[in-house]
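Please read the structure below before turning to the comments.
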Amino acid sequence: MHTFLTLSFTTCKTLFQPIARMAVEEKGLVSYCTKVERNANLEKLQYNYLFPEIDVRELRHIKKYPNAKVISLGIGDTTEPIPDMVALSMANYAKSLATPQGYKGYGAEQGNKELKQAIAETFYKDTGIKDSEVFISDGSQCDISRLQMLFGSNVSIAVQDPSFPAYIDSSVIIGQTGDIEKESGRYQNIAYMECGPRNNFFPDLSKTPRTDIIFFCSPNNPTGHASSREQLERLVDFAQQNGSIIVYDSAYAVYITDGPRSIYEIPGARKVAIEVSSFSKIAGFTGVRLGWTVVPEELVYSNGFPVINDFNRIVCTCFNGASNVAQAGGLACLSSDGFKAVLSNVDYYKENAEILVNTFTSLGLRVYGGTNAPYVWVHFPGSDSWDVFNEILEKTHIITVPGSGFGPGGREFIRVTAFGHRENILEASERLRSYLS
Amino acid sequence: MSVIHQSLSTSISSSSSTFLGHNNLKSIKSSNVSIPGRINVVIECVATPSAEITAYKTKVSRNENMGKLQAGYLFPEIARRRTAHMLKYPDAQVISLGIGDTTEPIPEVITSSMAKRSYALSTVEGYSGYGAEQGEKQLRASIAKTYYENLGIEEDDVFVSDGAKSDISRLQVLFGSKVTMAVQDPSYPAYVDSSVILGQTGQFQKDVEKYGNIEYMKCTPENGFFPDLSATRRTDIIFFCSPNNPTGYAASREQLTRLVEFAKENGSIIVYDSAYAMYVSDDSPRSIFEIPGAKEVSMEVSSFSKYAGFTGVRLGWTAIPKELLYSDGFPVAKDFNRIVCTCFNGASNIAQAGGLACVSPEGIKAMHEVVGFYKENTDIIVEAFNSLGFKVYGGKNAPYVWIYFPGQSSWDVFSEILEKTHVVTTPGGGFGPGGEGFIRVSAFGHRENILEACRRFKQLYK
């Protein structure tokens with residue numbers, strides 16, 4: 001990824017500030033400025049989005065050590081090829097677009113009906129979710145922002161701490177939050193639900209204030225914790241008591257060995273939850289771009305208006321459907337053979353996770369996650385995660401992600417992803433053993 | 001579908017010139033115009049069976065901006081009407097000249113590139129995961145070279161997307177709720193609707209059919225389809241589409257120079273939609289950046305949809321010059337980049353492979369052929385309506401023909417044409433009050449359908 005307008009960074013630990021009036025300072029001239037005020041919400045963001053920042057660090061490191069073999073266990077980017085039959089299906093679809101019979105123009109903004117049916121059938125069997133409640137998208141990151149547009153700036157949100165940065169960043173951008181509090185590293189007006197070893201990575205709901213929206217990711221990115229049925233029942237109950245809406249991110253559900261995969265397995269969830277998911281980590285579609293959001297018909301606002309009606313309006317106005325070629329691929333992924341094939345890649349990554357868990361455990365470190373998710377969450381008590389990140393990078397040429405990038409609750413942790421070629425995972429394990437023992 | 005859905009989903013009354021909801025909504029609306037949010041509540045009480053009144057409701061307030069929207073987005077409504085018509089006349093051969101949906105196959109040089117990329121993803125060497133959110137380097141560079149050669153737009157000014165419609169909303173998210181905007185009237189509905197959703201506007205004013213706080217720049221035959229800038233209030237953002245959807249008018253160099261000057265005087269930002277630039281026949285500018293000084297006041301949004309038939313494949317781009325700065329000197333591109341990294345995750349890599357083929361020499365030639373085909377369609381439609389004595393606009397530099405139907409509501413004309421010729425068009429009123437009195441006929445279609453449609457028009461209006 002790129003350094004487009006170069007951003008200057010101070011030290012690794014501190015927050016890097018975007019530079020205002022860059023053009024004026026750099027050129028030493030008075031450049032023309034429009035009279036349009038910069039969106040104050042963008043100004044609230046304290047640093048770059050986490051993952052491009054990791055990329056920048058990687059590039060810098062490679063430049064510094066051109067002969068080092070850098071292993072990326074940072075950004076959760078899938079590495080294994082897409083199954084043949086899925087790729088073939090997309091190739092054939094693309095070719096058919098060159099024929100009069102096969103050509104397709106605009107698709108339904110909500111997605112291809114067959115694909116929606118396949119998703120409902122594959123992931124929501126026996127939960128009552130209908131294909132009409134499934135909205136195909138170009139991925140969760142986009143869906144999260146479209147959901148924020150849907151909710152608007154006057155809602156309050158709760159997030160797990162740590163959590164996938166898109167929930168918080170999109171909330172700031174849309175105007176739901178106040179400024180960041182420097183000492184705590186938290187944005188005003190967001191309820192941070194700490195998830196750590198002390199509470200078994202499930203928030204203490206008795207200490208959680210009511211918010212309109214609750215973002216909840218399980219299996220969790222970055223901690224890897226998959227909530228139990230009992231925990232999710234408490235969450236649904238909590239939402240119901242407070243009249244809140246859960247946005248349940250189930251992007252890693254297929255990595256669960258044992259436990260609920262969809263929030264809709266919990267009774268009552270249809271009245272309180274939206275579920276967002278993705279083909280990215282199921283099928284290696286991180287570049288192909290395909291995901292979905294489920295909005296049950298029963299989910300209504302305080303005035304009784306169905307959320308699905310407004311989400312549909314957003315999808316029709318702010319979006320124009322996922323790529324038809326990607327959707328063809330999605331359909332192939334959910335065929336009987338296709339699903340077997342993508343799940344074998346999932347197993348491969350799970351084996352990687354196991355190797356990494358064993359590596360860190362053998363070094364006497366406290367390790368979490370890695371069993372129901374492709375992320376390993378390693379505790380370095382008393383450390384600053386950026387320091388640990390830098391040290392690991394410098395001494396072993398391995399990219400990880402510092403836990404504080406996911407929120408203040410990640411401060412003492414490092415996230416290691418299990419996406420990688422086996423030989424890289426093994427090599428990385430070797431290096432870590434050598435360095436950390 | 002639930003009763004609530006039925007009552008709130010749009011089925012437009014054809015006897016009104018605006019886009020109202022269901023009959024229930026209409027009758028209630030007439031007694032309580034200015035508070036759409038409450039109208040929805042009223043409908044719930046009327047339409048909901050008593051058992052549902054005790055159904056669980058969250059305590060989350062509906063986003064009041066969504067409540068400001070008058071009805072569904074325009075094109076799904078056209079699609080609904082078309083479907084209803086086909087049910088009513090199952091044997092009729094309905095011809096769709098409504099939604100601007102491309103119909104001709106994608107040139108093979110482009111699809112084979114997409115197929116190749118798909119295969120590559122199943123190999124170790126060819127597999128790629130996340131791409132750069134801003135787009136693949138080579139594609140960005142090729143877009144800059146193809147469309148902006150010698151205009152000072154570089155590779156890193158280009159942000160590849162999944163299409164103009166998504167980009168427009170991301171730009172609104174970028175600008176935030178506190179900016180004011182101006183649109184042409186009539187205009188592509190996504191500018192206004194996204195503005196309402198983002199909270200930039202006031203309520204819809206039924207008497208003038210405009211949302212509060214939007215500056216509508218009328219574009220009519222009387223002013224040559226270019227706004228009277230001397231009568232236009234200053235706004236932060238100016239959405240400008242040329243060649244225009246729906247009027248088909250391409251602004252001249254002189255006009256765009258005045259627009260850029262206007263923006264400069266007012267410190268405004270032009271969002272220039274050039275999705276139809278390749279349809280320009282004469283020497284009208286194809287990019288706003290052809291105008292001196294434009295880089296300090298504008299950004300440009302474009303798309304492969306209408307060039308390469310990528311309406312379903314999904315690929316477009318936005319170009320933001322480095323010189324475009326906010327009032328505090330902060331570069332707009334920098335914030336847009338942050339939006340793209342946070343609210344988006346890149347266009348599909350397969351679509352981008354197709355895009356790269358589009359801007360290869362062979363691909364450009366192929367796109368020109370596709371565009372040329374639709375332009376021939378446009379000529380046929382223009383000729384047909386001219387021969388019938390209609391006042392016909394557009395059609396020269398765009399795949400849209402804008403026909404004057406004075407004295408009638410455009411929805412009524414739309415309905416009549418549909419009923420009597422089984423041809424779907426788009427009522428001008430759907431593009432804003434300035435579109436009232438016009439019908440948009442799009443020129444995307446198989447040649448035989450275009451010819452047949454024209455035969456039917458000639459039959460109806462002879």
*Select one option (side chain, backbone, both, neither) describing which atoms of B/Y127 are under 4.5 Å from chain A's heavy atoms.*
side chain

*Under a 4.5 Å heavy-atom cut-off, does chain A meet the side chain of B/L198, its backbone, both or neither?*
side chain

*For the candidates B/D157, B/I106, B/D236, B/V60, which exhibits the highest count of non-hydrogen atom pairs separated by less than 4.5 Å from chain A?*
B/V60

*asked:* Can you tell me which portion of A/Y103 sits under 4.5 Å from chain B's heavy atoms? Options are side chain, backbone, both or neither.
replied: side chain

_Would you say B/E136 and B/N349 are linked by a side-chain donor-acceptor pair, where the criterion is simply a distance under 3.5 Å?_
no

*May I ask you to decide whether A/R146 forms a salt bridge with A/D143, counting only side-chain N to carboxylate O separations under 4.0 Å?*
yes

*Verify, without hydrogens or angle tests, whether A/R210 (side chain) and A/N242 (backbone) share a donor-acceptor contact under 3.5 angstrom.*
yes

*Flag the pair A/D310 and B/R62 as a salt bridge only when some basic side-chain nitrogen lies within less than 4.0 angstrom of an acidic carboxylate oxygen.*
yes

*Just give me the residue among B/S128, B/A347, B/G309, B/S305 that pairs up with chain A most often, heavy atom to heavy atom, under 4.5 Å.*
B/G309

*Identify which part of A/S323 has an atom lying under 4.5 Å from any heavy atom of chain B, answering side chain, backbone, both or neither.*
both

_Heavy-atom cut-off 4.5 Å, strictly under: side chain, backbone, both or neither for B/K306 against chain A?_
side chain

*With a 4.5 angstrom heavy-atom cut-off, which part of B/L324 approaches chain A: side chain, backbone, both or neither?*
side chain

*Can you spot which of B/K322, B/K334, B/R140 makes a salt bridge (Lys or Arg N to Asp or Glu O under 4.0 Å) with B/D156?*
B/K322

*Name the region of B/T235, side chain, backbone, both or neither, that has any atom closer than 4.5 Å to a heavy atom of chain A.*
neither

_B/E265 portion near chain A, given a 4.5 angstrom heavy-atom threshold_ = backbone

*asked:* If I measure from the heavy atoms of chain A, does B/E125 come under 4.5 Å with its side chain, its backbone, both, or neither?
replied: neither

_Heavy-atom cut-off 4.5 Å, strictly under: side chain, backbone, both or neither for B/N266 against chain A?_
backbone

*Proximity breakdown for B/S112 and chain A, heavy-atom pairs closer than 4.5 Å*: neither

*With chain A, which of B/E104, B/Q172, B/R170 has the greatest number of heavy-atom pairs at distances under 4.5 Å?*
B/E104

*Going by the side-chain contact (heavy atoms from CB on, under 4.5 Å) test, name the single residue among B/I237, B/V271, B/D167 that passes it with B/M299.*
B/V271

*Check whether B/A120 gets within reach of chain A through its side chain, its backbone, both or neither, counting any heavy atom under 4.5 Å.*
neither

*Sort B/F344 into side chain, backbone, both or neither according to what part of it lies under 4.5 angstrom from a heavy atom of chain A.*
both

*Could you tell me whether a side-chain N or O of A/S89 sits under 3.5 Å from a main-chain N or O of A/M85, the two making a donor and an acceptor?*
no

_Does any backbone or side-chain atom of B/R117 lie under 4.5 Å from a heavy atom of chain A? Answer side chain, backbone, both or neither._
neither

*Which bit of B/A79 comes within less than 4.5 Å of chain A, counting heavy atoms only: side chain, backbone, both or neither?*
neither

*asked:* Counting heavy-atom pairs closer than 4.5 Å to chain A, which one of B/T103, B/I168, B/N65 comes out on top?
replied: B/T103

*Side chain, backbone, both or neither: which part of A/I245 has a heavy atom under 4.5 Å from chain B?*
both

*Would you check if there is a donor-acceptor pair between the side chains of A/Q141 and A/Y49 at a distance under 3.5 Å?*
yes

*Sort B/V124 into side chain, backbone, both or neither according to what part of it lies under 4.5 angstrom from a heavy atom of chain A.*
both

